[in-house]
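Heads up, the thing below is written out as structure tokens.
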Amino acid sequence: MIRIAPSLLAADFGSLAEQVGEIAGEADLLHLDVMDGHFVPNLTIGPPVVASLRKHTGMFFDCHLMVEEPLEFLDPFFQAGANSCSVHVEVPSVKEAIAETKKLGMEVGLALNPDTPFEKAVPYMDSINMILIMTVFPGFGGQSFMAEVLPKIRQARDFITNNSLNVFVEVDGGIDHNTAPQSALFGADTFVAGTSIFKKDRPWEAARVLKNSIQQALGETNGNEKFSSDPTTRES
Ligand code: DX5
Ligand code: ZN
């Protein structure tokens with residue numbers, strides 16, 4: 001299953017509800033980037049904005065918490081209408097934050113910065129619904145995809161397969177019609193895209209093009225082999 005998650009960070013903040021309406025029909029999740037000015041050097045949206053958007057759409061809200069103290073914000077985001085919250089493995093309270101997210105009844109995501117090895121996520125893999133693999137350093141939209149992260153996507157996918165886990169693999173940062181298919185071939189199934197959707201004249205069409213590019217790439221591979229062999233070395 002392929003899921004497209006437009007990132008609101010690249011939308012026009014002056015007309016958020018309208019922008020969400022534009023992509024709702026082509027998106028599977030709405031990715032909401034929450035930044036606290038500490039974990040990352042930027043400030044974005046908080047629970048009041050999520051609560052306001054909730055009145056306009058029934059979309060699945062995929063909240064990406066780039067915050068140093070997630071425990072302080074999980075309940076407010078849940079109350080605001082979040083469906084899932086992803087916390088970063090790099091924050092000291094990650095274990096408690098995962099437990100609290102689950103306790104509140106939200107889906108649990110675990111995010112890894114580009115330079116954080118997959119091994120850091122291993123102790124939590126059977127407690128989460130999604131692993132969020134950052135393909136840029138978090139903080140800002142519009143950055144270039146880091147291809148050196150691709151092997152980590154494969155590592156996560158292999159771990160999930162080998163342990164029969166039910167965990168989505170989300171990629172976030174510099175995702176477009178070139179990098180999404182690449183990520184898919186390494187095992188990603190959920191694709192966050194800000195710039196390549198909301199900065200286009202027709203965001204809904206861009207979301208559709210993105211999904212098609214992934215489906216086409218996967219369709220060209222050989223069924224079960226798609227996640228287990230290296231597409232860069234496979235013979236055609
Ligand atoms: C970066 C955020 C991303 C960002 C992606 O810190 O986590 O979700 O919105 O934006 P693009 O798609 O522009 O790289
Ligand atoms: Zn994000």
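Read the numbers this way: they start at 1 and go in the same order the structure lists the ligands and their atoms.
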Counting only nitrogen or oxygen atoms and a 3.5 angstrom limit, does Ser196 reach ligand 1?
no
Could you give me the CA-CA distance, side-chain angles and deciding distance for Asp176 and Thr179, then say whether side-chain hydrogen bond (donor to acceptor under 3.5 Å, both in side chains) is met?
CA-CA 5 Å; Asp176 61 19; Thr179 58; 3.2 Å; yes
Atoms in ligand 1 flagged as close to Gly173, the criterion being non-hydrogen separation under 4.0 Å
14 (O)
Between Thr161 and Asp158, do the side chains contain an N or O donor and an N or O acceptor separated by less than 3.5 Å?
no
Check if Gly142 has a non-hydrogen atom at a distance under 4.0 Å from any atom of ligand 1.
yes
Knowing that exactly one of Leu9, Leu43, Val67 qualifies, which makes a side chain to side chain contact (heavy atoms under 4.5 Å, CB included) with Met35?
Leu9
Test Asn212 against Gln216 for side-chain hydrogen bond (donor to acceptor under 3.5 Å, both in side chains), laying out the working first.
CA-CA 6 Å; Asn212 285 345; Gln216 197 179 348; over 6 Å; no
Using a 4.5 Å cut-off on heavy atoms from C-beta on, say whether the side chain of Lys95 contacts that of Tyr124.
yes
For Met66, the ligand 1 atoms with a heavy-atom partner under 4.0 Å come out as 6 (O), 7 (O)
Is there a side-chain contact between Val94 and Pro92 in this structure, where contact means two heavy atoms from C-beta onward sitting under 4.5 Å apart?
no
Below 4.0 Å from ligand 1: does a non-hydrogen atom of Met35 turn up there or not?
yes
So if I count the atoms of ligand 1 from 1 in the order they appear, which ones are less than 4.0 Å from some heavy atom of Val192?
8 (O)
Is it the side chain, the backbone, both or neither of Ala193 that has a heavy atom closer than 4.0 Å to ligand 1?
backbone
Will you find, in the side chains of Ser93 and Glu69, an N or O donor that is under 3.5 Å from an N or O acceptor?
no
Ligand 1 to His64, heavy atom cutoff 4.0 Å, flagged ligand atoms 7 (O)
Starting from atom 3 (C) of ligand 1, locate the nearest protein heavy atom and write down its residue, its atom name and how far away it is, to 0.1 Å.
Asp172 OD1, 2.9 Å
Taking only non-hydrogen atoms of Gly139, do any sit less than 4.0 angstrom from ligand 1?
yes
With no hydrogens and no angle check, just 3.5 Å: does a side-chain donor-acceptor pair link Asn83 and Arg54?
yes
What I want to know is whether Gln143 and ligand 1 share at least one N or O pair that is separated by under 3.5 angstrom.
no
Classify the contact between Leu9 and ligand 1 as side chain, backbone, both or neither, using a heavy-atom distance cut-off of under 4.0 Å.
side chain
Taking atom 10 (O) of ligand 1 as the reference point, the nearest protein heavy atom with its distance
Gly141 CA, 3.6 Å
Look only at interatomic distance and state if Gly194 has a nitrogen or oxygen under 3.5 Å from any nitrogen or oxygen of ligand 1.
yes
Kindly report the NE2-the Zn ion (ligand 2)-OD2 angle for His31 and Asp172 respectively, rounded to 10°.
100°
With a cut-off of 4.0 Å, which atoms of ligand 1 are near a heavy atom of Thr195?
11 (P), 12 (O), 13 (O)
For the residue pair Gln182 / Asn178, report whether a side-chain donor-acceptor contact shorter than 3.5 Å exists.
no
Should you measure from each heavy atom of Pro138, which atoms of ligand 1 turn up under 4.0 Å away?
6 (O)
Enumerated ligand 1 atoms positioned under 4.0 Å from heavy atoms of Met134
7 (O)
Decide whether Asp33 and Ser7 meet the rule of one side-chain donor and one side-chain acceptor closer than 3.5 Å.
yes
Using the ring of each side chain (for Trp, its six-membered ring), is His88 parallel, tilted or perpendicular to His64, with breaks at 30° and 60°?
parallel
